[in-house]
Engineer: 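So that we are looking at the same thing, I have put the structure below in structure tokens.
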Amino acid sequence: MRTQVGIVGAGPAGLFLAHLLRQEGIAATVLERHDRAYVEGRVRAGVLEQNTMDVLARLGFDQRMRSEGLVHEGVNIVSDAKMFRIDLADRSGKRVVIYGQQEVMHDLFDAANQLGVPIIFNANDVKLHDVATKPYITWREDELLERLDCDFIAGCDGFHGISRDSIPPDARTSFERVYPFGWLGILADVPPAHHELIYANHLRGFALASMRSRTRSRYYLQCDLHDRIEDWPDERFWDELILRLGPQAHISTGPSFEKNITPLRSFVTEPMRYGSLFLLGDAAHIVPPTGAKGLNLAVSDAVMLSESLAAYYRCGIRSTLDSYSDRALARIWKAERFSWWFTGLTHRFPETDAFGRKMQTAELAYLRQSDALQTAFSENYVGLPLN
Ligand SMILES: Cc1cc2nc3c(=O)[nH]c(=O)nc-3n(C[C@H](O)[C@H](O)[C@H](O)COP(=O)(O)OP(=O)(O)OC[C@H]3O[C@@H](n4cnc5c(N)ncnc54)[C@H](O)[C@@H]3O)c2cc1C
């Protein structure tokens, strides 16, 4: 088999890239280790930046997002049991939409079926070869060894994939911060506590009231990394959430049907290109979910790489291939900074003593009062421009 771009991983980065390349007339084949139901079933991101909405519209896949997504023009922050609102639309001219990653993946897979984008599911033992020069990918399908020759490989296989490790260790540098806590998240079919998101900084730890629809809520609590799901029966979860979010959140309780604990990490590997291999999305970088940036960064990487590859195939301009990594990293580091800063401002760290807590409270009070800070917050939250 031969194609122009071999894409490893059918998550957001891989599927957005496949569709954007198709729109540019570039042939791509996607290899995915799992089946569609597994990838589509993962409960993850829920906040789409304006850039991501625009890309879905450009691809013509935004019909369901426009009818079912919830457009948010602001976010709320609780500090010292008092809530204040940041008007994102007023301060940045942009909005975010609440539309779950599961829905985005559903739309991308349906469109791939309709448009004939080749996706090979259940590809086992995927290996990348000769990534520096003439790359090819091998995998096992029903015990048979298959091979795909390509001009380029796009490593879109997430943080635990194989693409990043296909770059020799001496040709890459990684930067990492592992946070000393996790997020315990639940989904429940109860109406959301508020029509917009609420981020809470509480003495006992962070809490977030989010949603997936007008009838489905997504809630998170900062928890200990050693906590197990069994330690958090629904009753304990609701009690703690009500306490941390405070009286402004009108929480309806009910049985949860999804509960998971996610460790938090900031991670970037540089550069995001080695020879004919490009890295995109979580394969190259991770952000703590506080800033809601992970999926959105995967989409902006896909846009930037598709533009570089289109310029290369159309006009033979190699310099655009060379600049992909620098261009992507410039934006990624700003999103890393925002996610790290917002995490530091709203979470309780083991070393947060009385002084540290006073600093958090003072900074949140300043954010509440300052037009300049609220504008900076809004610009980052809705997503910085791609250029
Ligand atoms: C709890 C939680 C909440 C989040 N909330 C938000 C949010 O609100 N907003 C936001 O923007 N982001 C959020 N994120 C982050 C977001 O979900 C990820 O950043 C996004 O999924 C990254 O997409 P990706 O395509 O790069 O990687 P992934 O989604 O990890 O996809 C990688 C794909 O590659 C496949 N794969 C792996 N290894 C191989 C292999 N060897 N061969 C073939 N295929 C392989 C995997 O099966 C997978 O399908 C959240 C994440 C979590 C965990």
Side-chain angles (χ1 to χ4, degrees), residues 6-18 29-49 51-53 72 75 96-102 104-105 108-109 119-128 137-141 148 153-166 182-187 197 199 208 210-212 218-221 258-265 267 272 279-302 305 328 332 335 338-339 342 381-383:
I7 299 177
V8 186
L15 277 201
F16 269 100
L17 180 67
T29 296
V30 186
L31 293 165
E32 167 57 49
R33 185 169 53 176
H34 294 287
D35 61 13
R36 172 175 170 169
Y38 173 87
V39 181
E40 208 175 304
R42 292 178 311 171
V43 180
R44 287 179 147 205
V47 180
L48 306 187
E49 291 177 350
N51 289 319
T52 302
M53 290 188 250
H72 283 193
V75 292
V96 295
V97 70
I98 304 301
Y99 191 63
Q101 182 165 333
Q102 291 170 291
V104 174
M105 295 311 298
L108 293 173
F109 279 128
I119 306 175
I120 297 168
F121 290 104
N122 301 311
N124 290 315
D125 198 19
V126 173
K127 288 198 174 80
L128 313 189
I137 308 172
T138 57
W139 71 97
R140 290 193 182 278
E141 211 178 324
L148 177 70
I153 297 176
C156 302
D157 47 352
F159 186 66
H160 300 288
I162 45 133
S163 295
R164 192 174 60 250
D165 288 340
S166 303
W183 272 23
L184 168 66
I186 69 156
L187 269 177
L197 269 57
Y199 292 86
L208 168 59
S210 184
M211 65 200 71
R212 288 294 178 267
R218 179 86 167 130
Y219 291 112
Y220 297 100
L221 286 176
E258 160 85 27
K259 208 178 265 171
N260 52 31
I261 293 178
T262 313
L264 269 63
R265 175 193 309 272
F267 175 87
M272 287 166 62
L279 298 180
L280 294 85
D282 282 13
H285 43 78
I286 295 282
V287 282
T290 327
K293 291 279 163 263
L295 182 149
N296 294 297
L297 284 177
V299 178
S300 56
D301 289 352
L305 184 59
I332 289 157
F338 177 67
S339 305
F342 197 27
Y381 195 87
V382 301

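Basis for what follows: all heavy atoms, side chains included, without hydrogens, waters or symmetry-related copies. Order of listing sets the numbers, starting from 1, for every ligand and every atom in it.
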Engineer: Can you name the residues that form a salt bridge (Lys or Arg N to Asp or Glu O under 4.0 Å) with Glu49, not counting sequence neighbours?
Structural biologist: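 Salt bridge (Lys or Arg N to Asp or Glu O under 4.0 Å) check on Glu49 returns Lys293, Arg331.
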
Engineer: Look at atom 37 (C) of ligand 1 and say which protein heavy atom is nearest, naming residue and atom and giving the distance to 0.1 Å.
Structural biologist: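 Heavy-atom neighbour on the protein nearest atom 37 (C) of ligand 1: Asp157 O, 3.2 Å.
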
Engineer: What are the two closest non-hydrogen atoms of Ala283 and Asp157, and how far apart are they?
Structural biologist: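 In terms of heavy atoms, the two residues are closest at CB-OD1, 3.8 Å.
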
Engineer: Using a 4.0 Å cut-off to any heavy atom of Gly46, which atoms of ligand 1 qualify?
Structural biologist: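 The list of qualifying atoms is 7 (C), 8 (O).
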
Engineer: Under 3.5 Å between some N or O of ligand 1 and some N or O of Leu280?
Structural biologist: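 For ligand 1, there is no N or O atom that lies under 3.5 Å from one belonging to Leu280.
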
Engineer: Starting from atom 1 (C) of ligand 1, what is the nearest protein heavy atom, named by residue and atom, and what distance separates them?
Structural biologist: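 Nearest neighbour among protein heavy atoms for atom 1 (C) of ligand 1, to 0.1 Å: Thr262 OG1, 3.6 Å.
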
Engineer: Quick check: do His72 and Met211 have side-chain heavy atoms less than 4.5 Å from each other?
Structural biologist: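 Yes. Closest side-chain heavy atoms under 4.5 Å.
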
Engineer: Which of the atoms of ligand 1 are close to Asn296, meaning less than 4.0 Å from one of its heavy atoms?
Structural biologist: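 So the atoms of ligand 1 that pass are 11 (O).
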
Engineer: Given Arg44, Met105, Glu40, His34, which has its nearest heavy atom closest to atom 2 (C) of ligand 1?
Structural biologist: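 Residue with the shortest heavy-atom distance to the ligand atom: Arg44.
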
Engineer: Does ligand 1 come near enough to Ala123 that some N or O of the ligand is less than 3.5 Å from an N or O of the residue?
Structural biologist: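 In fact, backbone or side chain, Ala123 has no N or O that close.
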
Engineer: For atom 42 (N) of ligand 1, find the nearest protein heavy atom and state the residue, atom name and distance (0.1 Å precision).
Structural biologist: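 Result: Val126 CG2, 3.5 Å.
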
Engineer: To which protein heavy atom is atom 29 (O) of ligand 1 closest, and what is the distance rounded to 0.1 Å?
Structural biologist: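 For this ligand atom, the closest protein heavy atom is Arg42 NH2, 3.0 Å.
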
Engineer: Return the minimal non-hydrogen interatomic distance between Ala13 and Leu280, and the atom names on each side.
Structural biologist: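 Minimum heavy-atom contact is CB-CB, 4.1 Å.
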
Engineer: Is there a side-chain contact between Arg33 and Trp139 (heavy atoms, below 4.5 Å)?
Structural biologist: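 They are not in side-chain contact.
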
Engineer: Can you list everything that forms a side chain to side chain donor-acceptor pair (under 3.5 Å) with Asp35? Sequence neighbours excluded, please.
Structural biologist: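 Expected list: none.
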
Engineer: State the atoms of ligand 1, each with its element, that fall below the 4.0 Å cut-off from a heavy-atom position in Leu31.
Structural biologist: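 Answer for ligand 1: 43 (C), 44 (N).
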
Engineer: Tell me, please: is Pro12 in heavy-atom contact with ligand 1, that is, under 4.0 Å?
Structural biologist: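 Judged by the 4.0 Å heavy-atom criterion, Pro12 does count as contacting ligand 1.
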
Engineer: Could you tell me which non-hydrogen atom of Ser163 sits nearest to which non-hydrogen atom of Val8, and how far apart they are?
Structural biologist: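 So the two residues come closest at OG-CB, 4.2 Å.
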
Engineer: Before signing off on this row, confirm whether Gln101 and ligand 1 have an N or O atom pair separated by under 3.5 Å.
Structural biologist: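 In this structure, Gln101 places an N or O atom under 3.5 Å from an N or O of ligand 1.
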
Engineer: Any side-chain heavy-atom pair from Asn296 and Asn51 closer than 4.5 angstrom?
Structural biologist: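 Side chain of Asn296 against side chain of Asn51, heavy atoms only: no contact under 4.5 Å found.
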
Engineer: Okay, side chain of Gln101, backbone of Arg44: is any donor-acceptor separation there less than 3.5 Å?
Structural biologist: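 Flag not set: sc Gln101 to bb Arg44 has no pair under 3.5 Å.
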
Engineer: Are Ile162 and Lys127 side-chain neighbours, meaning at least one heavy-atom pair lies under 4.5 Å?
Structural biologist: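 No, too far: nothing below the 4.5 Å cut-off.
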
Engineer: Based purely on interatomic distance, does Ala13 place a nitrogen or oxygen under 3.5 Å from a nitrogen or oxygen of ligand 1?
Structural biologist: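 In this structure, Ala13 places an N or O atom under 3.5 Å from an N or O of ligand 1.
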
Engineer: When you measure from the heavy atoms of Glu49 to every atom of ligand 1, does any distance fall below 4.0 Å?
Structural biologist: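 Contact absent.
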
Engineer: Can you sort out which atoms of ligand 1 are near Val39, meaning under 4.0 Å from one of its heavy atoms?
Structural biologist: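 That gives atoms 49 (O) of ligand 1.
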
Engineer: About how many Å separate CD1 of Ile286 and CZ of Arg265, when rounded to the nearest 0.5 Å?
Structural biologist: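 If we round to the nearest 0.5 Å, Arg265:CZ and Ile286:CD1 are 7.0 Å apart.
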
Engineer: Is the closest side-chain heavy-atom distance between Arg212 and Leu187 below 4.5 Å?
Structural biologist: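 The answer is yes; the side chains approach within 4.5 Å.
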
Engineer: So which protein heavy atom does atom 32 (C) of ligand 1 come closest to, and at what separation?
Structural biologist: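 Atom 32 (C) of ligand 1 sits closest to the protein heavy atom Cys156 O, 3.4 Å.
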
Engineer: Among all protein heavy atoms, pick out the one at the shortest distance from atom 50 (C) of ligand 1; state its residue, atom name and that distance to 0.1 Å.
Structural biologist: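 In this structure, atom 50 (C) of ligand 1 has Ala45 N, 4.0 Å as its nearest protein heavy atom.
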
Engineer: In the protein, which heavy atom is nearest to atom 11 (O) of ligand 1, and how far is it?
Structural biologist: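 Nearest protein contact, heavy atoms only, for atom 11 (O) of ligand 1 is Leu295 N, 2.7 Å.
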
Engineer: Is there a polar contact between ligand 1 and Ala298, counting only N or O atoms under 3.5 Å apart?
Structural biologist: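 No, Ala298 has no N/O under 3.5 Å of an N/O on ligand 1.
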
Engineer: Should Val97 and Thr52 count as side-chain neighbours, where that means a heavy-atom distance under 4.5 Å?
Structural biologist: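 Answer no - side chains too far apart.
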
Engineer: How far apart are the closest heavy atoms of Ala302 and Phe16, and which atoms are they?
Structural biologist: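 Ala302 and Phe16 have their closest heavy atoms at CB-CB, 4.0 Å.
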
Engineer: Just jot down the ligand 1 atoms closer than 4.0 angstrom to any heavy atom of Gly281, in number order.
Structural biologist: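 That gives atoms 26 (O) of ligand 1.
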
Engineer: Evaluate Tyr38 for polar contact with ligand 1, using N/O atom pairs at a separation under 3.5 Å.
Structural biologist: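 Among all N and O atoms of Tyr38, none is under 3.5 Å from an N or O of ligand 1.
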
Engineer: By number and element, which atoms of ligand 1 are closer than 4.0 Å to a non-hydrogen atom of Lys293?
Structural biologist: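 Ligand 1 atoms under the 4.0 Å threshold to Lys293: 10 (C), 11 (O).
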
Engineer: Nearest heavy atom to atom 46 (C) of ligand 1 wins, so pick from Glu32, Arg36, Arg33.
Structural biologist: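 The option holding the nearest heavy atom is Glu32.
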
Engineer: Please report the shortest heavy-atom distance between Met272 and Ala328, naming the atom on each side.
Structural biologist: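 Looks like CE-CB, 4.0 Å.
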
Engineer: Quick one: does Gly185 get within less than 4.0 Å of ligand 1, heavy atoms only?
Structural biologist: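 Flag not set, Gly185 not near ligand 1.
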
Engineer: State the atoms of ligand 1, each with its element, that fall below the 4.0 Å cut-off from a heavy-atom position in Val8.
Structural biologist: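 In order of numbering, the contacting atoms are 42 (N), 43 (C).
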
Engineer: Return the residue, atom name and 0.1 Å-rounded distance of the protein heavy atom closest to atom 19 (O) of ligand 1.
Structural biologist: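 Scanning the protein heavy atoms, the shortest distance from atom 19 (O) of ligand 1 goes to Asp282 OD1, 2.8 Å.
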
Engineer: N/O of Pro289 under 3.5 Å from N/O of ligand 1, yes or no?
Structural biologist: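 In this structure, Pro289 places no N or O atom under 3.5 Å from an N or O of ligand 1.
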
Engineer: Is there a side-chain contact between Val96 and Leu197 in this structure, where contact means two heavy atoms from C-beta onward sitting under 4.5 Å apart?
Structural biologist: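 No, every pair of side-chain atoms sits at 4.5 Å or beyond.
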
Engineer: Using a 4.0 Å cutoff against the non-hydrogen atoms of Ile162, which atoms of ligand 1 qualify?
Structural biologist: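 Atoms satisfying the 4.0 Å criterion: 41 (N).
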
